[in-house]
Amino acid sequence: MQRTGMARLKYACDMDKSVLLNNFEARGWVPVSPDDDWNFYWANVQSIRNVFSIDSGYRLTDDQVINHFPNHVELTRKDLMVKNIKRYRKDLEKEGSPLAEKDENGRFIHLDFIPLTFMLPADYNLFVEEFRKNPNTTWIMKPCGKARGIGIFLVNKLSQLKKWSRDSKTNNFTPPTSKDTYVISKYIDNPLLIGGKKFDLRLYVLVTSFRPLKCYMYRLGFARFCTVKYNASVNELDNMFVHLTNVSIQKQGEDYNAVHGGKWTVQNLRLFLEGTRGKEVTDRLFDEINWQTVHSLKAVSGNISNDRHCFECYGYDYIVDDNLKPWLIEVNASPSLTSTTSSDRIMKYRLMNDLINIVIPLDRCPMSDGTKYHRKNI
């Protein structure tokens with residue numbers, strides 16, 4: 001493919017990230033302020049609120065695209081994601097869909113892909129009831145409105161939740177704000193280990209439309225490893241270097257390796273699993289991840305404001321257990337574009353390049369003389 005002209009798209013960008021800016025510059029795009037007329041805007045979440053605010057009176061024109069849907073939080077806020085997936089399963093059950101089939105234990109056969117989760121404080125009594133059925137279970141607490149592992153901790157005793165309780169005798173809580181709400185999920189305590197260490201998968205999913213659903217899974221995701229070997233002992237519940245794979249946490253540790261950043265490419269992970277567990281089960285694992293991704297998007301497709309000017313690059317986080325079953329942990333609206341290693345930078349540059357080519361194909365790019373790019377095979 002050869003570019004036969006130079007498009008003069010105007011871009012605005014809220015982030016000073018080389019993987020973004022280098023892509024824009026390579027295309028000959030012109031930087032402008034978000035307050036000026038732009039064709040492509042890579043905005044932060046606060047700017048999205050302003051753009052789509054009723055008070056702003058802003059209307060996107062035909063030649064503008066922006067990197068978030070107005071209410072993307074339906075999938076990316078931890079509590080809303082769980083709520084929407086639970087509702088989706090219930091709706092399918094009511095319809096008598098075979099997708100909602102359950103086993104003899106009442107578990108969904110095809111849609112059991114998020115750990116058992118409760119909202120706190122709203123579901124506290126339901127959580128206590130479940131906790132008492134299996135009192136030796138470990139749970140993980142996460143604040144709904146935070147990212148990068150901030151505010152996460154593990155609990156295995158009800159007494160550890162007292163700080164949220166206004167009155168431990170009646171188990172009542174003070175009225176929460178959105179910042180105070182937490183999700184508490186059953187901890188995946190049998191993670192697949194490689195070299196004795198826990199890891200999770202970060203996969204990138206581009207959505208260009210929710211109705212009809214159009215999504216793309218990027219092939220170049222990666223596995224993020226903990227720096228300390230996994231230990232399920234209750235004495236290690238406070239050691240986040242054992243339990244949380246977030247790079248922002250792991251790079252603070254003594255054992256962090258800045259050369260490879262504690263990461264494997266998805267291709268290397270796949271090769272390892274094919275060699276150690278077999279190709280058939282490895283293929284099944286990645287097919288299951290694709291299945292779960294599609295159904296998580298379908299779960300919110302009716303709620304998302306499907307604006308044709310919008311697209312979204314989600315960062316999906318999965319944990320694989322030792323039965324090679326994937327679990328969807330969370331979905332990030334603004335996956336990090338910071339590069340921790342040289343291979344990280346190359347991968348994220350390619351991610352942005354491919355994303356832009358899908359969102360704004362070459363044959364749709366306006367040129368400075370009002371004509372368009374055309375594709376030319378070589």
Side-chain angles (χ1 to χ4, degrees), residues 45 48-49 52 67-102 106-124 126-127 130 139-147 176-186 188 201-217 288-307 310-319 326-335:
V45 172
I48 291 295
R49 287 195 198 105
F52 290 108
N67 67 318
H68 290 291
F69 287 88
N71 57 337
H72 62 271
V73 293
E74 293 288 344
L75 183 61
T76 57
R77 246 188 80 104
K78 298 174 182 73
D79 52 343
L80 294 179
M81 181 192 84
V82 171
K83 180 180 165 188
N84 282 315
I85 290 173
K86 284 181 177 178
R87 192 208 66 250
Y88 174 67
R89 295 191 300 203
K90 264 186 194 165
D91 289 348
L92 288 173
E93 214 174 350
K94 280 180 193 166
E95 293 166 14
S97 169
L99 289 172
E101 189 185 343
K102 291 183 175 178
R107 285 202 189 118
F108 288 96
I109 294 172
H110 308 295
L111 297 173
D112 180 33
F113 58 84
I114 52 171
L116 181 62
T117 301
F118 298 93
M119 318 304 166
L120 291 183
D123 295 340
Y124 181 73
L126 288 172
F127 165 70
E130 182 62 35
W139 297 77
I140 184 164
M141 288 271 289
K142 298 179 181 181
C144 291
K146 294 198 170 114
T177 65
S178 61
K179 287 181 182 174
D180 296 329
T181 55
Y182 276 69
V183 292
I184 186 162
S185 304
K186 194 170 275 193
I188 308 295
L201 278 173
R202 162 55 61 85
L203 300 170
Y204 297 97
V205 176
L206 170 64
V207 179
T208 56
S209 168
F210 276 94
R211 294 186 300 280
L213 180 60
K214 291 182 185 174
C215 57
Y216 305 78
M217 173 78 81
E288 180 66 20
I289 286 173
N290 290 339
W291 167 272
Q292 293 182 9
T293 302
V294 167
H295 282 287
S296 68
L297 293 169
K298 288 177 83 170
V300 300
S301 63
N303 294 22
I304 297 280
S305 301
N306 192 44
D307 193 310
C310 303
F311 66 91
E312 195 96 34
C313 180
Y314 292 111
Y316 269 71
D317 292 343
Y318 283 98
I319 282 182
W327 296 91
L328 175 58
I329 301 303
E330 63 186 57
V331 182
N332 297 272
S334 301

Count the heavy atoms belonging to other residues, nucleotides or ligands that lie under 6.0 Å from NZ of K86, then report whether that count exceeds 12. yes
Say whether, by atom type as modelled, one donor and one acceptor occur between the side chain of R89 and the main chain of F108 under 3.5 angstrom. no
Kindly give the heavy-atom pair with the smallest separation between L328 and I114, and that separation in Å. O-CG2, 3.7 Å
Do any N or O atoms from the side chain of R87 and from the backbone of A299 form a donor-acceptor pair under 3.5 angstrom? yes
Side chain proximity check, K102 to I109, heavy atoms < 4.5 angstrom: no
Residue pair R77 / T181, side-chain heavy-atom distance below 4.5 Å: yes
As a test of understanding, state which of M217, K298, E288 forms a side-chain contact (heavy atoms from CB on, under 4.5 Å) with T293. M217
Spacing of E93 atom CD and E95 atom CD [to the nearest 0.5 Å]: 11.0 Å
Min side-chain heavy-atom separation H110-H295 under 4.5 Å: no
I'd like to know whether NZ of K186 has more than 12 heavy-atom contacts from other residues, nucleotides or ligands below 6.0 angstrom. yes
Are any of the side-chain heavy atoms of I329 and P115 separated by less than 4.5 Å? yes
Within-4.5 Å side-chain heavy-atom neighbours: E312 and I304: no
Decide yes or no on side-chain contact (heavy atoms from CB on, under 4.5 Å) for V183 and M119, but give the supporting numbers first. CA-CA 5 Å; V183 292; M119 318 304 166; 3.7 Å; yes
How many angstroms lie between CD1 in I289 and CG in L201, if you round to the nearest 0.5 Å? 5.0 Å
Nearest 0.5 Å, what's the OG-CG distance between S305 and N71? 4.0 Å
Can you tell me if R107 has over 12 outside heavy atoms packed within less than 6.0 Å of its CZ? no
Once you round to the nearest 0.5 Å, how far does CD1 of I184 lie from CG of L126? 12.5 Å
Side-chain contact, heavy-atom cut-off 4.5 Å: C313 with N67? no
Side-chain contact, heavy-atom cut-off 4.5 Å: L297 with L75? yes
Roughly how far, to the nearest 0.5 Å, is the CG atom of L206 from the OH atom of Y216? 7.0 Å
Inter-residue atom distance S296.OG - I85.CD1, 0.5 Å rounding: 5.5 Å
If every non-hydrogen atom of Y316 is compared with every non-hydrogen atom of V205, which pair is closest and at what distance? CD1-CG2, 3.6 Å
With ring centroids as reference points, do F127 and W139 lie under 6.0 angstrom apart? yes
To check you understand the geometry: which heavy-atom pair defines the closest contact between R202 and P335, and what is its length? NH1-CB, 3.5 Å
Taking the inter-plane angle between the rings of F69 and F210 on a 0 to 90° scale, is it parallel (under 30°), tilted (30 to 60°) or perpendicular (over 60°)? perpendicular
Main chain of C144, side chain of D79: is a donor-acceptor contact present, judged purely on distance under 3.5 Å? no
Return yes if some donor-acceptor pair links the side-chain N/O of N332 with the main-chain N/O of G315 below 3.5 Å, else return no. yes
Flag side-chain contact, heavy atom, 4.5 Å: D112 against W327: yes
Residue pair F52 / C310: nearest heavy atoms and the distance that separates them: CZ-SG, 3.6 Å
